[in-house]
2 protein chains.
Amino acid sequence: MGQKNNKRVTIYDLAKELNVSPSTVSRALKDHTSIGQETTKAVKALAKQRGYRPNVLASNLRNQHSNTIGVLVPWVNRPFISTLISGIEESAQRAGYNVLIAQTQDSYETEVTNTKALVDSRVQALIVSLAMETTDYSHFNDAVRQGTPVVFVDRVPMNYRGNQVMIDNYQTGYDATQYLIDRGRKRIALFSGSLKQKIYRDRYDGYVAALRNNGIPIDESLIGNSHRLSIEEGTALIAGMLKLSVPPDAVFSTNDSAAIGAMKYVKSVGKRIPEDVAFIGMNDDPMCTIITPNLTSMSHPAAEMGRLALRQALEIITQPDAETNTAITVRLNTKVVPRASS
Amino acid sequence: MGQKNNKRVTIYDLAKELNVSPSTVSRALKDHTSIGQETTKAVKALAKQRGYRPNVLASNLRNQHSNTIGVLVPWVNRPFISTLISGIEESAQRAGYNVLIAQTQDSYETEVTNTKALVDSRVQALIVSLAMETTDYSHFNDAVRQGTPVVFVDRVPMNYRGNQVMIDNYQTGYDATQYLIDRGRKRIALFSGSLKQKIYRDRYDGYVAALRNNGIPIDESLIGNSHRLSIEEGTALIAGMLKLSVPPDAVFSTNDSAAIGAMKYVKSVGKRIPEDVAFIGMNDDPMCTIITPNLTSMSHPAAEMGRLALRQALEIITQPDAETNTAITVRLNTKVVPRASS
DNA sequence: TTGTACGCGTTATCAT
DNA sequence: ATGATAACGCGTACAA
């Protein structure tokens, strides 16, 4: 595809050709007021003609930053996360920033490695959603210590008071559970992720509180833990619970995939949804309106969370004295998206 | 989260403290054979103790590259693309490369802008899937001319002979259509993307050839063009076609989303799938096994394509004389993934 | 308004 | 086995 020609034009080339100094070129190119109109115009014209492009590598070194935002997530190919990234990328692009992406594959070790790699790449800020098993956050402390601010999104650390964007997970868990209770359900199963993760812990707490406030006993056999909350794991969880002497009459799954896996199983054994088992999921992924019956879910504004996380990052970056900033926690409200499954 | 302390340790700091020269430190750090065991060990120990991290910005400038791969896609939050990216990222990580991501939002203008931005960022290679309306590829010629090799994946240019990874779209279109014909269908609708895009053009050609070889006339009213092949557009397309005096008895949709939109509509008006209208999609997205009945589709190895594209990029990068390389076209075969919808 | 000179941190070349 | 020096390209303090 075309000829290759690595000799890139520099400000020195332009300077020589115009018989001015490189600094004049440098200044003219960024519309420095102290450079004459004539000169500026001439420089720009030649730059365009010669196809001059600034060497970002040199500029980065000189300015000690990369104009890049790092994004570290468990997996990019999940509906919620890919939309989150889409929101981040769109905002970043508009603000003139690049986006460097890495996935942890939900592994703590990979998270540590990649955090270091991103910091080494001198990203100006790091937007992070934690790996499932992460309970030690010291690698992020290291990042901040080295001058890379961190904004957490969705899967945020326990007891964290720094910059973060999330939903109100406790309330979401409470509301989802209450929604099922309001529809007459008494034996409500919970599909949860690791309780070491704050988001799942909070949803669990909301679930327990809702049951308690309605005088419904907590039954441990109805609480299923799952590593990844995949479709397959959802199937496995419900299969186990349907064998109980008194099986659940409803399921609150803390993501949609596991709910859908369970629904598929329930349908396959001839039980009716929602009559025999009602379902409510979380995230409101597109698949909710594809399954039959459509899956009730809790809203989860992925793109918006991405935009907000990026905005926070930008604010930190542009603050001259990052030390004195007050950290911001954005906690978004969710609501039930009612559909036929409950 | 911890104290901030921007003063980063450099090889000069280490050199001074150890009473050696910076070059010795630099060499020791990368296990240069000419440095004594003792010295090397001492340097590494101190580096670790002082928390030394190389300044990638400086290294990049010196080496004239960024160790980064640029990825330019229409949207990151689509099942096929997010999985493609996942494959690229995983391989890149393993090879020690960063991944810079940008989306074109299927706009030609944005594609041009972002290509330039990525080239300016000195990515070492660009992996691109074209925007829907792109028919002029000169911005990629510019990229190559400036020394940034380009690998296309999935949505590749027309009549291109450079590096690219794709599926055999003609054969895929042919096989999908033949599959419906084999099941006795005569009036087979096609849901296509823009025919200016090679992938849709090839699928269209395959569709036409299959009909022709089976003596079935081409009916223009059964060929639907769609801008984004979204669920909504699928619904709209089938709604129009069902009004025909002789409506289609099958649909070949060139992606799964549009097929599913159409299936939802068909079910909503009380027609049966596959008895009244059979369906086959493309990509084999997860949603195929969520819809009822499950959607037959054509396989589309997204993660594998990502890995292959990255490998091609790496080969080009590591080739010393890129000029003389022969370009590689990888064309993967697909197969029908049969399910209940046809 | 423009030019000179230096530094950002690393690495490669050449010398010792 | 180690050191001195230059260079990558840009941006800016200081000088003119």
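Residue numbers start from 1 in every chain, and the chains themselves are labelled A, B, ... in the order their sequence lines are given, proteins ahead of strands. Computation of the quantities below employed the complete heavy-atom set of this structure, encompassing side-chain atoms and omitting hydrogens, waters and symmetry-equivalent molecules.
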Inset, instruction - Report the distance from atom CD1 of B/Ile69 to atom CG of B/Leu314, rounding to the nearest 0.5 Å. - result: 6.0 Å
Inset, instruction - Rounded off to whole Å, could you give me the OH-to-C1' distance for the B/Tyr12 and C/dT10 pair? - result: 8 Å
Legend entry - Least distance between heavy atoms, A/Leu57 atom then B/Ser66 atom: CD1-CB, 4.4 Å
Legend entry - Interatomic distance where NZ belongs to B/Lys16 and C1' belongs to C/dG9 [whole Å]: 14 Å
Legend entry - Nucleic acid contacts of residues 20-45 of chain B, taken as heavy-atom distances under 4.0 Å to DNA chain C: B/Ser23, B/Ser26, B/Arg27, B/Lys30
Inset, instruction - Quickly work out the A/Asp120 CG to C/dG9 C1' distance and round it to whole Å. - result: 14 Å
Inset, instruction - Compute the ring centroids of A/Tyr160 and A/Tyr137, then answer whether they are less than 6.0 Å apart. - result: no
Inset, instruction - Report yes if a side-chain nitrogen or oxygen of B/Tyr52 is closer than 4.0 Å to either non-bridging phosphate oxygen (OP1 or OP2) of C/dT10; otherwise report no. - result: yes
Inset, instruction - Have a look at B/Asn63 and say if it touches a base, only the backbone sugar-phosphate, or nothing, with a 4.0 Å heavy-atom cut-off. - result: sugar-phosphate
Legend entry - A/Thr33: side-chain hydrogen bond (donor to acceptor under 3.5 Å, both in side chains) partners, not counting sequence neighbours: none
Legend entry - Rounded distance [0.5 Å steps], OG1 in A/Thr134 versus CD in A/Gln197: 6.5 Å
Legend entry - Donor-acceptor pair under 3.5 Å, B/Arg62 side chain vs C/dT11 base: yes
Legend entry - Aromatic centroids of A/His139 and A/Tyr108 separated by under 6.0 Å: yes
Legend entry - Donor-acceptor pair, side chain of B/Ser86 and main chain of B/Ser82, under 3.5 angstrom: no
Legend entry - Lys/Arg-Asp/Glu bridge criterion (N-O < 4.0 Å) met for A/Arg8, B/Asp120: no
Legend entry - Contact boundaries on DNA chain D for chain B, cut-off under 4.0 Å to non-hydrogen atoms: D/dA1 to D/dG9
